[in-house]
S.K.: 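Below: one structure in structure tokens.
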Amino acid sequence: MQPLIIIATPNICWLQPQVEYPRSPEAIAEEAYRCREAGATILHTHAQGQWTEVMRAVRARSDIIVQCGMSSLPIPERMAVFENKADMISIILNHHDEAFVNADFNVLHSKDELVEYVRLCKKHQVIPEWEVWHAGSIWNLNHLIRKKLLKPPYVTTLFFGWPGGTWSPPTIEEYLYRRRLMPQGCVCNVSIMGEGQREILTAAILNGDHVRVGTEDLPFNHSGTLVDTPALVCETAEIAHALGRPLATVAQARKMIGSKHR
């Protein structure tokens, strides 16, 4: 079994936006450093729209892998991610339909857009992280594979419990069902918003997959206490240790996702 990749998400909590999270490039870089020290090897960041400044600050502070989120945005608004050669970029494989407290996202992402993302990732040597919200997401991923636009490893994140039209039940049954549909050559992570997080995280760790935790996903530890992202990473690392799964180093994580050192 491969060592465990922990992805840290110290971003806005969509369901409880009053929860504090780092906003300035310096604060994001410091939080990334603390997450790295706690055992995370990938930082999923929204950068508060300050892509250039945040990537520069994070890279100066630690060796954590930078994954740029906000896949609801159109490609022109994300070009700074490519121009600054982020390690990774998140790309949703289907329609955005999410219902949060202060914001609804309803954005159509076409297959032509996915093809353009593939072209940009190849041109700028950025690893795509494909967001898998339901079985239809997997059909689109297989479509890109059949067209020979992608080569393994296919880095993917399976989402559970996020509210809206792309919601799926946060259960182990749903995780195992969708996991069986994934193509060969996938590096799978899981993201759970709300109830069921501990069970699915544990199942993923036991099944050789990887995990994503932080204020964006769920800002409470498994005792129900509001904590910051480094504490959530530490709690997840302790679960992995108890289950006998070692944590990945940054070098190991890069090898698994097919990324070269910047």
S.K.: Hey, are Arg34 and Glu30 close enough for a salt bridge, meaning a charged N less than 4.0 Å from a carboxylate O?
M.R.: no
S.K.: Are Glu20 and Arg23 within salt-bridge range, i.e. N to O under 4.0 Å?
M.R.: yes
S.K.: Tell me, please, whether Tyr117 has Arg119 positioned over its six-membered ring: NZ or CZ under 6.0 Å from the ring centre and within 45 degrees of its axis?
M.R.: no
S.K.: So, does Glu235 use its side chain to make a donor-acceptor pair with the main chain of His222 at under 3.5 Å?
M.R.: yes
S.K.: Identify the two heavy atoms, one from Val227 and one from Thr215, that lie closest to each other, and give their separation to 0.1 Å.
M.R.: O-CG2, 4.1 Å
S.K.: Take atom CD in Glu199; do more than 12 heavy atoms of anything else shown fall under 6.0 Å from it?
M.R.: yes
S.K.: Okay, side chain of Arg36, backbone of Ile64: is any donor-acceptor separation there less than 3.5 Å?
M.R.: no
S.K.: Under the side-chain hydrogen bond (donor to acceptor under 3.5 Å, both in side chains) rule, what pairs show up with a residue in residues 237-253, not counting sequence neighbours?
M.R.: Thr249-Gln252
S.K.: For the backbone of Cys68 and the side chain of Thr45, can you confirm whether one donor and one acceptor N or O come within less than 3.5 Å of each other?
M.R.: no
S.K.: Give me each pair satisfying side-chain hydrogen bond (donor to acceptor under 3.5 Å, both in side chains) with a member in residues 140-159, each pair once, sequence neighbours excluded.
M.R.: Glu129-Thr157, Thr157-Asn189
S.K.: Do the rings of Trp133 and Phe159 sit parallel, tilted or perpendicular, given the 30° and 60° boundaries?
M.R.: parallel
S.K.: Please list all pairs passing the side-chain hydrogen bond (donor to acceptor under 3.5 Å, both in side chains) test where one or both residues lie in residues 200-210, with sequence neighbours left out.
M.R.: Tyr175-Asp209, Arg179-Asp209
S.K.: Could you state the interatomic distance from CE (Met182) to CD1 (Ile138), rounded to the nearest 0.5 Å?
M.R.: 5.0 Å
S.K.: Looking at Phe105 versus Trp14, is the centre-to-centre ring distance below 6.0 Å?
M.R.: yes
